[in-house]
Amino acid sequence: MRKNIVAGNWKMNMDLETGIQLFNEIQQLLKEEVNGDQEVIICSPYIHLSSLSQLVNPNTNLSIGAQNCHQADSGAFTGEVSASIIASTGAAYVIIGHSERRLYFSESNSLLAQKLDTVLKNGMAPIFCVGETLEQRNNETYFEVIKEQLTEASFHLQGVEYRKMVLAYEPVWAIGTGLTASPEQAQEIHSFIRGLLADKYNQDLANNMTILYGGSCNPKNASELFAKSDIDGGLIGGASLKARDFVDIIKALNE
Ligand code: PEP
């Protein structure tokens with residue numbers, strides 16, 4: 001049985017104090033209203049990781065994650081943060097390959113391959129993002145694009161390592177735009193990804209891989225998306241900054 005997960009990506013939002021407030025509100029609402037077996041992950045800015053890790057109630061299924069890391073173990077890389085430093089805060093996940101990193105920081109598939117390695121080596125799980133641009137959707141190259149992203153960045157991993165990852169399909173044209181992939185469009189890609197995993201590894205690994213959908217997911221559209229058989233939860237940007245909306249999306253997983 002694969003895990004159902006809702007992960008929030010706070011991006012570059014929330015100072016430390018407001019982040020802690022938001023985290024406490026989310027945790028309180030989860031305690032009062034949610035009792036499914038889903039996992040919830042909060043991916044905050046680096047600054048918050050240590051404080052949030054210490055606030056996690058061990059009776060909840062809540063984990064903390066980062067949004068990026070440097071590919072090297074340590075060294076003279078001023079301003080960067082390694083996976084081992086992230087792991088030392090208590091974080092369990094790291095988002096790798098978000099489209100904003102690919103676009104604004106020119107992160108290539110080969111660089112992302114190194115980042116996946118360092119996250120896994122440090123005992124954490126990558127949330128590895130793939131997705132096509134609007135141009136690629138319109139010129140119908142999106143299947144090739146997603147296959148290339150997965151192959152070049154992640155198919156060097158052994159199956160035993162791959163099983164520790166979470167994948168996220170995030171069409172770039174749907175991120176922060178208010179445009180959502182229809183449940184059918186998302187299901188088509190999730191099922192395609194599962195097929196690629198079955199071909200490369202095996203059917204058991206494919207069946208057990210958690211594949212999240214991300215892109216303007218909100219409390220209104222979450223139920224329809226999560227109802228699709230290959231969609232195992234969401235990676236949530238904007239709506240993860242409001243405790244009420246985020247928890248309502250989590251509740252949609254259990255409907
Ligand atoms: C994201 O940044 O991963 C994301 C899905 O953002 P949004 O929900 O705001 O579209």
Does atom CD1 of Ile47 have more than 12 heavy-atom neighbours, drawn from other residues, nucleotides or ligands, at distances under 6.0 Å?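 12 or below, so no.
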
Take a 6.0 Å sphere around CG of Asn35 and say whether it holds more than 12 heavy atoms from other residues, nucleotides or ligands.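 No, CG of Asn35 has 12 or fewer neighbouring heavy atoms, counting only those of other groups under 6.0 Å.
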
With salt bridge (Lys or Arg N to Asp or Glu O under 4.0 Å) as the test, would you mind laying out the steps for Asp245 and Lys220 before giving the verdict? CA-CA 9 Å; Asp245 286 357; Lys220 290 204 178 78; over 6 Å; no

Considering only Ile, Leu, Val, Met, Phe, Trp and Tyr, and joining two whenever side-chain heavy atoms are under 4.5 Å apart, list the other residues clustered with [X].
| X | result |
| --- | --- |
| Leu111 | none |
| Leu179 | Leu134, Trp173 |
| Ile5 | Ile41, Tyr93, Ile95, Ile127, Val166, Leu212, Leu235 |

Taking all heavy atoms of Cys69 and all of Ile86, pick out the closest pair and write down the distance.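 That would be CB-CD1, 3.6 Å.
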
Write down the atom of Ser53, the atom of Thr89, and the distance for their closest heavy-atom approach.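 Of all heavy-atom pairs spanning Ser53 and Thr89, the closest is OG-O, 2.9 Å.
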
Check ion pair [X]-[Y] (N to O, under 4.0 angstrom):
| X | Y | answer |
| --- | --- | --- |
| Lys164 | Glu161 | yes |
| Glu132 | Arg137 | yes |
| Lys228 | Glu184 | yes |

Polar side-chain atom of Thr118 near backbone of Lys115 as donor-acceptor pair, under 3.5 Å: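 Side chain of Thr118 to backbone of Lys115, a donor-acceptor pair under 3.5 Å: no, none is there.
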
For [X], which residues count as a ring-ring contact (aromatic ring centres under 6.0 Å, His included) partner, sequence neighbours excluded?
| X | result |
| --- | --- |
| Phe128 | none |
| Tyr142 | none |
| Phe143 | Phe192 |

Under 6.0 Å between ring centres: does that hold for Phe155 and Tyr201?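 Here the rings of Tyr201 and Phe155 have centres that are less than 6.0 Å from each other.
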
Out of Leu16, Thr18, Leu22, which residue meets the side chain to side chain contact (heavy atoms under 4.5 Å, CB included) rule with His48?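 So the option named by the test is Leu16.
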
Taking side chain to side chain contact (heavy atoms under 4.5 Å, CB included) as the criterion, tell me which of Thr210, Leu205, Asp204 meets it with Asn208.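 Output: one option passes, namely Asp204.
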
